[in-house]
Structure formats: structure tokens, C-alpha cells
Amino acid sequence: MDKAAIVEKAKDYIAREKDSGFRAEVEKLLADSGDEAALKELEDRFYRNLEFGTGGLRGIIGGGYNRMNTLVVKSATQGLANYIRKAFPEKAANGGLSAAIAFDSRHYSVEFAEAAALIFAANGIKAYLFSSMRPTPELSFAIRLLGCDTGIVVTASHNPPKYNGYKAYWNDGSQVIAPHDKGIIAEVNTVTDIKEMPREEAIKAGLLVIIDKEVDEPYRAMVKSRLFRPGLIKEKAGDVKIVYTPLHGTGAFHVEGVLSEMGLNVITVPEQREGNGDFPTVAFPNPEEAAALDMAIKLGAKEGADVVMATDPDADRFGIAVPVYSTERTDVSEGSPLDSTKTNFTLVTGNQMGVLLADYIFLSLKELGKMPANPVMVNTVVTTGMQKRVAEGYGVKCVECLTGFKWIADIMRKCESGEIDGTYIYGTEESYGYLVETEVRDKDGITATALTTEMTLYWRSKGKSLLDRLNELYLEFGYWQELGISKYFQGPEGPGIMKGIMEEYRKNPPAVLGGIKVARVRDIVNGADGLPPSDVLQFFLEDGTIVSARPSGTEPKIKFYATCCAEAKAGLNEAKTEVERKLGAINRDIRNVIGD
């Protein structure tokens, strides 16, 4: 884009943006546009409009059409309001439309959430706005509880502090999918006039309603209802010590509340307990990153914790670290005592936690006589193959879907409608997402926290740690390990580079990866094997390893995944060595292509 076009877009933005801070940023860049650095920054803010994708918006906070700011949020909400009114014309005519809105601890989350609420109100859509920050899963729960037609959560999940975002939900509490996603995007892209209403007027008209405990209490009750063994918790609560961090996000309110109501003592990392959009103690507020749990692990070692838990800023993702015991354990039979001396802690990956929860849920449903007929678990095309083996071991059907919990929610919907013959009991994805209830249609780190606590107590009552149980599962179902690579492509040229990499893989797919022959290629770009279209390439190797590549839907990066297995009959150490050798070779082949 040439300088004249950039300047023209900047002037248009200045004329429309009502927030003085965002407006001033662009005014200064425009005044300094003779400077090369200022012009480059101006170009980055205006070379495109921040795309309202299938999940909503996510971007760097700041003035400009390629940034997260009040004008961009208002335009997106106006487009969503236009679509909702067209989708439900009778309710629109009768003034019966409503939306729920939540927000996290990030910079401008409060302002963006209120701006969205007042746009809804101006369009005759009652807005239920949480009084303070709440987790993403509670927003999904609120939509269903209040009978809303749509919902928004203002969050950038686990991104760095300079980001914020906006996720749009449908009336079933899940993020929007086809056909509504494209319909909303079309409306957002054609917005010209934005309707607005003052806060006081909206409240007086009953179009802005502030909510908190009327949703908090039912949500918390629902979380506790998903536990299998309340009697065990009551009896053994004192046997487990938990250290928890919300990573400066939304999780503490409910995690502390639920666990204390269960009779458990949770020690929250004090430096990370309060919401703070600067995330001052972590580079990335992401429980997938080992460094993010460093402070919690140090406190866990000091306190002798049995498990260290973390949720990301909007508390949909959940991760743990567990102690490695000082004495190597060879006897993991029921009743063998755990060594009370904890040394270092090890992270449990999202795939491993997905396996442990699947095993515990299926085992519990069987033991308690509550396993439904035709039970179904759901995971994504890039999740470990071990989960399918574990599910099949319990007689549970494993259904695969595209990456993202909106697709897991879609399978739930199909189970309920009868399109899929089965009863949904569990859904998970590799990126630390778990859903054990049907009252929520997005990953839920709060419920995962409660259930993982119960699971820890259960295996402790059998004389086992979570790692002990995981090793038992490896011996039964094979040793599985996964590889993840993310390559970022920032700036105006980034999308083109990413597109070129995917096109090259499609034109010239590798015949061999990591020294192993590629037996089959699955390209899902136009849909495949019953899956909807998605920019995903998968290479099925002849030894059973699966390597996947997909551009992220929320960040400027391509993500690569590999899931690999070796039978553990000769021992876990030998199986681990074999898998690590294979993944190391695959890693080198991928990095040779992406230049990292």
C-alpha cells in the first residue's frame, strides 16, 4: 500500500475514533510520517483491517484499523448485532433478543466489554454484562443459563500483554461455526453506521443488566456436580496439598471458591493472584509454557505440594506440574505408599492430561455404573493418538474433529440431535483444553481443576501418583510422545510467507519425514473424511506417526504437530528412546523447510 493510501486510511480512522488515547497515537504517527520508522509503524496499523475471523478478533492493542481498539470493537459488535437481528427476526421485532458479555484482566478489557454492551443495547438487544472479570467458560454457561442469542468474551487468552481480543458465541454457548461465522463476517465487513447508547440510558431502559452472583452460584454448583466421589474428597481432603496460580487472570475467584467448598486447602501464588494486564511475573501467561509455572513450582516445592495447577488469563486452559519422587518407584500396586519427599516437578503436557482425565472419567463411569450406552469422547485431528486407544479400551467411541473447541461443541450438538449415535461424555484438545460437562460449550479450566484434584486424591488413595498411573497406561497402550513447533511470520509479508509454505507442501509433499516413509497425505483444505474444510495438511507415516501442519486462526504463525508411539513391552525407557529419536529427526526435517 502506498503512502497516500495509508495516510488517507489514518485520517479516516482519526475522524471516526472517539477514544482520545487511540486517536492521539495515530495523530502522532501521522505527524511524524516523514520519519521512516513512524511511516513503517503507520503502515502496519493500516495495511489491512484487523480481520474478524471465524472466532472473532485478536490483535495488538492500539489505534488503527489493524489494531484492537474501541472503534474496531464497536464495528464488530454492530455487525454481530445486525446478523443476530436478521437471524431471529421475530425475537428482534418483539424486543426479545439478548447477549451475555464477559471480560478478562487485559488492558482495555473493561472498556471494550462495555462498548460492546452499549452497541447491543442501542440495537435493542438486552446486554447482560458481568460486573467484573469472569472466565470464558462461565460466559458460555451464562449464555445457556440466561437463554441469550449470542455472547462475547473480551480476551486474548494466553497471548502477551500487548494483545487483546474478542470471541463471539452462538445461542448454544459455543463459538460460532458455519453458516453463522461467514454470515457474521459479511455483516462486520459492511458496517457503515454504528448505533450507540449512553450507559445510564441503557440501564434505565432495561437494555443493560449487570450480572454476577446470579450466574456465579449456579456455575459453581454445576462444577461441583461433575465430581464423581464427593465422599472420597470429604474423607481425604487433608491428604492432598495444592498450589495454584491464575497467572494474573480470572481463575482465582472460582478455583479458590470451588476447592474451598470441596473442603480442600489451596495455596494461591500471592504474586499472581490478582488480575493484571501487564502479567508482570511471566513473559507469556500460558500454562503450556514451563516458565509460566516457575513461580508456582517454586512455591509448590517449598510447601510440599502434591500438584501445582495453573489456568491461563481467561481460565479456559488448564495445566499442571507434579512432583517427581526421590525414590524410584517399582511397585505401583494398590496400597504401596508414596514417598513423602518431593524433589523436582515435571510438567504434564496437554496430551498427557487429556489421557489421564479420559482414563479417570471412563473408569469412574464404569465403576459407578453410570456409563451411558454408546459413549462418545471427542478430540481433534492434532491430538495424541493415545486417547483413542484408551477410549477404545473402555468401549468408548472416539470422534475426531478440527482444531478448536467450537468443533468439539459441534460434535456435542450432533450427539444431542441424533446425527451422531452416541452420548457425549468428554472432549479435549492438545492445547490444554478439557470439557467434562454439557452445560458449557467451550474448554473449562475451572471444572478441570476440580476434577483433577479429585483424580489426584483417587490415585493417592490407591497408593499411586498421577505419573504412576500415566506409566501404567503407557505399558498398556504404548508409549506416546508429541512434538509441537510454532513458527511466527510477523508484518505485512507474513501471511504471504505462510501461504507459500503451505502451497509448497501441497505441491511437493515429502515422501519421507524423519527417515520414515509417508504412506498417506490428508489435505483438509476442501474437507476430508467427513471433516469441514480447513487449512490443515496431515502426513500419515508408515509406522503410525502423524505429522500435521496448519496456520493458526488467531496468530501469525504456522503450527506443526507430530504424534508418535512405540510399544512398551520391552520397557518404557526403550520405548521413550525410540520415540525421541523419531521425533528428533522429524523436527529437523520441518525446521529445514521453515528456516528455523
Side-chain angles (χ1 to χ4, degrees), residues 100 102 130 134-148 172-174 211-237 240 242 244 250-266 309 311 315-316 318 353-354 356-373 375-378 396 405 408-409 412-413 415-416 422-428 433-459 461:
F130 277 100
R134 291 296 190 280
T136 287
E138 188 175 3
L139 181 278
S140 175
F141 179 83
I143 291 170
R144 297 175 64 82
L145 180 71
L146 300 172
C148 294
D172 65 345
S174 70
I211 55 173
D212 38 49
K213 65 180 181 180
E214 59 267 51
V215 179
D216 294 335
E217 292 174 0
Y219 173 72
R220 222 175 257 189
M222 179 278 297
V223 170
K224 290 185 292 183
S225 76
R226 288 296 160 170
L227 298 170
F228 293 104
R229 298 176 174 85
L232 173 69
I233 295 171
K234 186 175 181 180
E235 179 186 351
K236 301 285 187 179
V240 66
I242 302 159
Y244 164 71
T250 61
F253 175 66
H254 280 311
V255 170
E256 291 176 347
V258 168
L259 294 186
S260 65
E261 289 169 13
M262 290 165 60
L264 295 152
N265 178 33
V266 57
M309 300 180 173
T311 51
D316 59 351
F318 165 76
M353 177 54 69
L356 284 167
L357 284 172
D359 169 61
Y360 182 67
I361 290 167
F362 304 156
L363 177 151
S364 298
L365 289 171
K366 285 239 175 186
E367 279 191 357
L368 300 172
K370 295 182 178 180
M371 182 71 84
V376 169
M377 80 159 283
V378 190
V396 176
F405 253 79
I408 291 175
M412 295 171 68
R413 190 184 304 116
C415 287
E416 291 168 349
T423 300
Y424 169 92
I425 55 174
Y426 176 54
T428 180
Y434 320 97
L435 183 60
V436 302
E437 70 261 29
T438 55
E439 294 89 346
V440 169
R441 300 299 163 107
D442 208 340
K443 50 186 174 284
D444 188 346
I446 308 298
T447 308
T449 302
L451 192 60
T452 299
T453 301
E454 182 186 86
M455 177 173 64
T456 303
L457 271 171
Y458 176 82
W459 290 119
S461 73

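Only heavy atoms go into these numbers, but all of them, side chains included; no hydrogens, no water, no symmetry mates.
Between Thr449 and Val258, the closest side-chain pair of non-hydrogen atoms is not below 4.5 Å. Within the 4.5 Å cutoff, no side-chain heavy atoms of Val223 are placed close to those of Phe141. Residues Val440 and Met222 have side chains in contact (heavy-atom distance under 4.5 Å, counting atoms from C-beta outward). In this structure, Thr428 and Leu357 have side chains that are not in contact, with every pair of non-hydrogen atoms separated by 4.5 Å or more. When side chains are defined from C-beta on, Ser461 counts as touching Leu232, because their heavy atoms get closer than 4.5 Å. Counting heavy atoms from C-beta outward, Tyr458 and Leu363 have side chains that approach closer than 4.5 Å. Between Met353 and Met455, some side-chain heavy-atom pair lies under the 4.5 Å cut-off. Side chains of Thr438 and Met412 form a contact here, defined as non-hydrogen atoms less than 4.5 Å apart.
Between the side chain of Thr423 and the main chain of Pro375, no donor-acceptor pair closer than 3.5 Å is present. Using a distance-only test at 3.5 Å, with no hydrogens or angles considered, a donor-acceptor pair links the side chain of Glu214 to the main chain of Asp212.
Counted by atom type alone, Thr311 and Tyr244 present one or more donor-acceptor pairs between their side chains at under 3.5 Å.
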Would His254 and Asp216 count as a side chain to side chain contact (heavy atoms under 4.5 Å, CB included) here? Give the steps.
CA-CA 8 Å; His254 280 311; Asp216 294 335; 3.7 Å; yes
Just do the side chain to side chain contact (heavy atoms under 4.5 Å, CB included) check on Tyr434 and Thr447 with the steps written out, would you?
CA-CA 9 Å; Tyr434 320 97; Thr447 308; over 6 Å; no
Could you check Arg441 against Glu416 for salt bridge (charged side-chain N to carboxylate O under 4.0 Å, His left out), going step by step and ending with a plain yes or no?
CA-CA 13 Å; Arg441 300 299 163 107; Glu416 291 168 349; 2.7 Å; yes
From CA spacing to verdict: side chain to side chain contact (heavy atoms under 4.5 Å, CB included), Leu227, Met262
CA-CA 10 Å; Leu227 298 170; Met262 290 165 60; 3.7 Å; yes
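Among all heavy-atom pairs drawn from Glu454 and Pro230, the shortest one is OE2-N, 4.2 Å. When all heavy atoms are compared, the tightest approach of Thr453 to Ile242 is CG2-CD1, 3.5 Å. The minimum heavy-atom distance linking Ser140 with Asp442 is given by the pair OG-N, 4.0 Å. Here the closest heavy-atom approach between residue Ala100 and residue Ile143 is recorded as CB-CG1, 4.0 Å. In terms of heavy-atom proximity, Ala102 sits nearest to Phe130 at CB-CD1, 3.7 Å.
Seen from the ring of Tyr424, Arg413 does not count as a face-on cation partner, given the 6.0 Å and 45° thresholds.
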